[in-house]
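Reading through the structure tokens given below for one structure.
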Amino acid sequence: MARGAEHAENPKRQITLFIVKAAAVLTLAAAPYLIFCGVPLAGLPDAEDVTRVEITRIDDGLSKCATNAKDIELVRKAAELLRYAPFAVPREEAPRIAVTFITRGGEEISLRAGLSSVEYKDRTLKLRRRRLFVNVIEGIFFKEERAHNAP
């Protein structure tokens with residue numbers, strides 16, 4: 001008797017077995033990627049749903065407000081760089097950048113990022129790509145201030 005022939009008469013059983021096998025293969029394929037490349041932050045709003053973004057550099061209190069679609073999209077794309085290590089324990093560090101997305105419905109979604117960790121939804125997560133988000137935000141929104149403050 002051929003393998004699986006005992007279930008040939010039961011199509012529901014065949015479909016269930018196919019779904020279980022497919023899920024197992026997808027899990028085995030996705031797990032290494034998520035472990036080595038990091039897990040993206042879930043729950044960030046789409047750029048189209050955001051009316052403005054408030055960005056604050058915490059060490060000196062300097063802040064910017066992004067209201068045009070291009071800047072909002074830039075901040076949203078930069079936030080996609082925030083990928084965390086799912087099983088790593090973050091070390092204690094002071095955040096350097098605070099970002100608050102204000103949506104059309106008035107909801108505020110905030111995150112605070114340091115060089116190696118991010119505080120998001122009452123959790124501190126260790127970043128996979130250290131310094132990347134802070135450098136991108138500072139390079140885009142605070143480059144003039146950095147040039148004026150340089151010796």
For residues 93-106, run the donor-acceptor check on the side chains, cut-off 3.5 Å, and write out each pair with its distance to 0.1 Å, sequence neighbours left out.
unit_1 : atom_1 : unit_2 : atom_2 : d
Glu93  : OE1    : Leu115 : N      : 3.1
Glu93  : OE2    : Leu115 : N      : 3.4
Glu93  : OE2    : Ser116 : N      : 2.8
Glu93  : OE2    : Ser116 : OG     : 3.0
Glu93  : OE2    : Ser117 : N      : 2.7
Glu93  : OE2    : Ser117 : OG     : 2.9
Thr100 : OG1    : Ser110 : OG     : 3.1
Thr103 : OG1    : Glu107 : N      : 3.1
Thr103 : OG1    : Glu107 : O      : 3.4
Arg104 : NE     : Glu48  : O      : 3.0
Arg104 : NH2    : Glu48  : O      : 2.9

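To the nearest 0.5 Å, atoms CD1 (Ile137) and CZ (Arg57) are separated by 12.0 Å. Between the CZ atom in Phe133 and the CD atom in Glu138 there is a gap of 10.0 Å [rounded to 0.5 Å]. Taking OG1 of Thr67 as the reference point, atom CD of Glu54 lies at 11.0 Å (rounded to 0.5 Å). One finds the OG1 atom of Thr16 at 8.0 Å from the CG atom of Asn10 (value rounded to the nearest 0.5 Å). Atom CZ in Phe141 sits 12.5 Å away from atom OG in Ser63 (nearest 0.5 Å).
Residues Gly114 and Leu127 share a closest heavy-atom pair of O-CD1, 4.1 Å. Residue Leu34 comes nearest to Pro86 through the heavy atom pair O-CD, 3.9 Å, listed as atom of the first residue, atom of the second, then distance. For the pair Ile109 and Gly43, the tightest heavy-atom approach, listed with the atom from each and the gap, is CD1-O, 3.9 Å.
In this structure a side-chain-to-backbone donor-acceptor pair under 3.5 Å is missing from Tyr120 to Ala113. Under the 3.5 Å distance criterion, the side-chain polar atoms of Arg128 are left unmatched by any main-chain donor or acceptor of Leu81.
The cluster map of Ile, Leu, Val, Met, Phe, Trp and Tyr, joined by side-chain heavy atoms under 4.5 Å apart, puts Leu111 and Ile58 in different clusters. There is no path of hydrophobic side-chain contacts, each under 4.5 Å, that joins Ile35 to Leu41. Linking Ile, Leu, Val, Met, Phe, Trp and Tyr whenever their side-chain heavy atoms come within less than 4.5 Å puts Leu132 and Phe142 in one cluster.
With a 4.5 Å cut-off on side-chain heavy atoms, Leu17 and Arg13 count as touching.
Here salt bridge (charged side-chain N to carboxylate O under 4.0 Å, His left out) pairs that include residues 74-89, with residues two or more places apart or in two chains, are Glu73-Lys77, Arg76-Glu80. Sorted pairs that involve residues 26-46 and meet side-chain hydrogen bond (donor to acceptor under 3.5 Å, both in side chains), not counting sequence neighbours, are lacking altogether.
A side-chain contact (heavy atoms from CB on, under 4.5 Å) with Ile140 holds for exactly one of Asp71, Ile55, Leu74; it is Leu74.
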